[in-house]
Amino acid sequence: MAHTTNTTSLRQALRREAPSTLGLLADEQDFAAMRRYRSFTFDDHPTYLRAAERLLRTLAAGGTHTTVTLFDPEDYAAYCAETGLDPDTRASRTRYTAEAAARGARVPYTGQPIDELVRLLVKAAVRRATREYAALLLDDVGQCADCGQDIGRAAFDQASRAVLRILDQAGPGAHQLVCSVPAADEHLLAVLRTDRTAPEPARLDSAEGTEFLTVLAAGIARATPGGLVLRTSSPDAPDRLHGWRLDHGRLVPLTEAEVFNAYCTDADTGEPLPPEPGVEYRAGFDLAPDDGRPTHH
């Protein structure tokens, strides 16, 4: 009897040491697609989300770290067809969830309400897709026909130098950079936030920084039009807005009037918009020659 009790206690202790992964159906459409499987027994999406939230809270209360990933029914069906698994089993769903979390977007559960968790998860998935598509665009550029340099690598280095110079010139404060680059299949948009409370050199070693630089580099390498804007917030001072445009692989500063027009014009109708209160519209910073133009020939 004592041996059985010890074995049970050890098994429970090991279970508490094992992390958990939950594949979440984030929207009604994905949920409806899974209802074709008999082993998927939920009847409606709100009830399913509430049950998922209760499970996450229970796991967290027991000290289990849980990662949440998006469950994509279309990708799941393709995965099962490729691996020969029966899609109408819980075992297949858990195996897919584990592999999807390893290769896709995921968010750690830290007690967020389920609505916020879904929002963070969708945002993470969009960011990952943007980064992967921008990286694919960079890979497709190839080498410079004249000098043999990897154009994608050179563009990424150029983007890094330009962004670091912009942040250094912006000085201390809370900075938000937004880069917009049109592409053949979708419009690439990346955001980088950094808070420099002291006059220390800017750093871009985060996942958000890599994503931002990849999108900007894709625009530089492919010489597509695009734009970059900087918003700086400091205590007891108006927010400052600066802007640049991509022109044949170069970041060209916008004038103060161009920055004002960009922010104070409705993009859909072309109608003027009132200036934002407490905001100063300023020209973009001049960049050094090797920060603003391609380094390959």
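Worth knowing before you read on, the calculation uses all heavy atoms, side chains too, and leaves out hydrogens, waters and symmetry mates.
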> If we ignore hydrogens and angles and just use 3.5 Å, is the side chain of Arg106 paired with the main-chain N or O of Ala101 as donor and acceptor?
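Indeed, once roles are kept as given, a pair shorter than 3.5 Å links the two residues.
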> Quick check for you: to the nearest 0.5 Å, what is the distance between Leu192 atom CG and Leu216 atom CG?
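Reported to 0.5 Å precision, the distance equals 10.5 Å.
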> Rounded to the nearest 0.5 Å, what separates atom CD in Glu132 from atom OG1 in Thr214?
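Interatomic distance, Glu132 CD to Thr214 OG1, rounded to 0.5 Å: 11.0 Å.
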> If we ignore angles and hydrogens, is there a donor and acceptor under 3.5 Å between the side chains of Ser92 and Asp86?
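No, no side-chain donor-acceptor contact under 3.5 Å.
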> List the atom of Leu137, the atom of Arg222, and the distance in Å for their closest heavy-atom pair.
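Smallest interatomic distance, heavy atoms only, reads O-NH1, 3.4 Å.
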> Quick one: list whatever passes side-chain contact (heavy atoms from CB on, under 4.5 Å) with Arg36, sequence neighbours left out.
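If we apply the side-chain contact (heavy atoms from CB on, under 4.5 Å) test to Arg36, skipping adjacent residues, the hits are Ala77.
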> What verdict does the side chain to side chain contact (heavy atoms under 4.5 Å, CB included) test give for Leu246 and Leu251, after you've listed the backbone C-alpha separation in whole Å, the side-chain angles of each residue and the deciding distance to 0.1 Å?
CA-CA 5 Å; Leu246 274 172; Leu251 275 175; 3.9 Å; yes
> Are the side chains of Leu25 and Phe40 in contact, using a 4.5 Å heavy-atom criterion?
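SC-SC contact between Phe40 and Leu25 confirmed.
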> Is it true that Arg161 and Asp157 make a salt bridge, defined as a side-chain N closer than 4.0 Å to a carboxylate O?
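No salt bridge links Arg161 with Asp157.
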> Side-chain atoms of residues 176-183: list all donor-acceptor pairs with protein atoms under 3.5 Å, sequence neighbours left out, distances to 0.1 Å.
| residue | atom | partner | partner atom | Å |
| --- | --- | --- | --- | --- |
| Gln176 | OE1 | Arg193 | NE | 3.2 |
| Ser180 | OG | His187 | NE2 | 2.4 |

> Rounded to the nearest 0.5 Å, how far apart are CZ of Arg231 and CG of Leu241?
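Atom-to-atom, Arg231:CZ and Leu241:CG are 5.0 Å apart.
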> Please name the pair of heavy atoms, one in Arg165 and one in Asp286, separated by the smallest distance, quoted to 0.1 Å.
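In this case the closest contact between Arg165 and Asp286 is NE-O, 3.9 Å.
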> Restricting to non-hydrogen atoms, name the atom on Tyr281 and the atom on Cys264 that form the minimum distance, rounded to 0.1 Å.
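Nearest heavy atoms, Tyr281 then Cys264: OH-SG, 3.7 Å.
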> In terms of hydrophobic clusters joined by side-chain contacts under 4.5 Å, are Leu254 and Val279 together?
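Same hydrophobic cluster.
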> So which heavy atom on Glu53 is nearest to which on Pro113, and how close?
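It is OE2-CA, 3.5 Å.
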> Counting only heavy atoms not in Arg103, do more than 12 sit closer than 6.0 Å to its CZ atom?
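Yes, because the 6.0 Å sphere around CZ of Arg103 holds more than 12 heavy atoms from other groups.
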> Is a donor on one side and an acceptor on the other found under 3.5 Å between the side chain of Thr67 and the backbone of Val107?
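No, Thr67 side chain to Val107 backbone: no donor-acceptor pair under 3.5 Å.
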> Begin from the C-alpha positions of Val118 and Asp27 and carry the test side chain to side chain contact (heavy atoms under 4.5 Å, CB included) through to its verdict.
CA-CA 9 Å; Val118 168; Asp27 59 44; over 6 Å; no
> Kindly indicate whether the side chain of Asp43, heavy atoms from C-beta on, has any atom under 4.5 Å from the side chain of Arg35.
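Yes - at least one pair of side-chain heavy atoms lies under 4.5 Å apart.
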> Between Thr47 and Arg50, is there a side-chain donor-acceptor contact under 3.5 Å, judged purely by atom types and distance?
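A donor-acceptor contact under 3.5 Å links the two side chains.
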> Taking the six-membered ring for Trp, is the centroid-to-centroid distance between Tyr76 and Phe71 below 6.0 Å?
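Ring-ring flag for Tyr76/Phe71: true, centres closer than 6.0 Å.
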> Arg93 versus Met34: any side-chain heavy-atom pair under 4.5 Å?
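Arg93 vs Met34: side chains touch.
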> Looking at Leu230 and Ala170, what are the two nearest heavy atoms and their distance?
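Here Leu230 and Ala170 meet closest at CD2-CB, 3.8 Å.
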> Check whether any side-chain heavy atom of Leu117 lies under 4.5 Å from a side-chain heavy atom of Ile114, and answer yes or no.
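Heavy-atom side-chain distance check passes, below 4.5 Å.
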> Tell me, with the steps shown, if Leu22 and Tyr109 meet side chain to side chain contact (heavy atoms under 4.5 Å, CB included).
CA-CA 10 Å; Leu22 175 66; Tyr109 176 70; over 6 Å; no
> side-chain hydrogen bond (donor to acceptor under 3.5 Å, both in side chains), that's the test. Do Glu99 and Tyr79 meet it? Break it down for me.
CA-CA 10 Å; Glu99 296 195 21; Tyr79 169 82; 3.0 Å; yes
> State, yes or no, whether a side-chain contact exists between Thr130 and Leu189 at a heavy-atom distance under 4.5 Å.
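Of all side-chain heavy-atom pairs linking Leu189 with Thr130, none is under 4.5 Å.
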> Are Ile220 and Leu287 linked, directly or through intermediate hydrophobic residues, by side-chain heavy-atom contacts shorter than 4.5 Å (ILVMFWY only)?
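Cluster IDs for Leu287 and Ile220 match.
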> With a 3.5 Å distance limit and no angle check, can you tell me whether Gln158 reaches the backbone of Gly249 through a side-chain donor-acceptor pair?
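Yes; judged by distance alone, with no hydrogens or angles, the pair exists.
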> Following the transitive rule for hydrophobic clusters with a side-chain heavy-atom cut-off under 4.5 Å over Ile, Leu, Val, Met, Phe, Trp and Tyr, establish whether Leu136 and Leu188 coincide in one cluster.
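In one cluster with Leu136: Leu188, no.
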> For residues Val259 and His242, determine if any side-chain heavy atom of one lies less than 4.5 Å from a side-chain heavy atom of the other.
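No, side chains not in contact.
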> Looking at Ser39 and Asp88, what are the two nearest heavy atoms and their distance?
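Heavy-atom minimum between the residues: OG-OD1, 2.7 Å.
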> Please answer: with hydrophobic residues joined when any side-chain heavy atoms are less than 4.5 Å apart, are Leu167 and Val191 in the same cluster?
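No, separate clusters.
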> Start with the C-alpha gap between Glu208 and Arg127, add the side-chain angles, then the distance that decides, and say whether side chain to side chain contact (heavy atoms under 4.5 Å, CB included) holds.
CA-CA 9 Å; Glu208 189 180 57; Arg127 287 180 54 187; 3.3 Å; yes
> Do the side chains of Tyr96 and Asp72 get nearer than 4.5 Å, heavy atoms only?
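Contact flag for Asp72/Tyr96 side chains = yes.
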> Hey, quick one: are Leu121 and Leu59 part of the same hydrophobic cluster, counting side-chain heavy atoms closer than 4.5 Å, chains of contacts allowed?
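Cluster IDs for Leu121 and Leu59 match.
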> Is any side-chain heavy atom of Trp244 less than 4.5 Å from a side-chain heavy atom of Ile166?
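They are in contact (side-chain heavy atoms under 4.5 Å apart), so the answer is yes.
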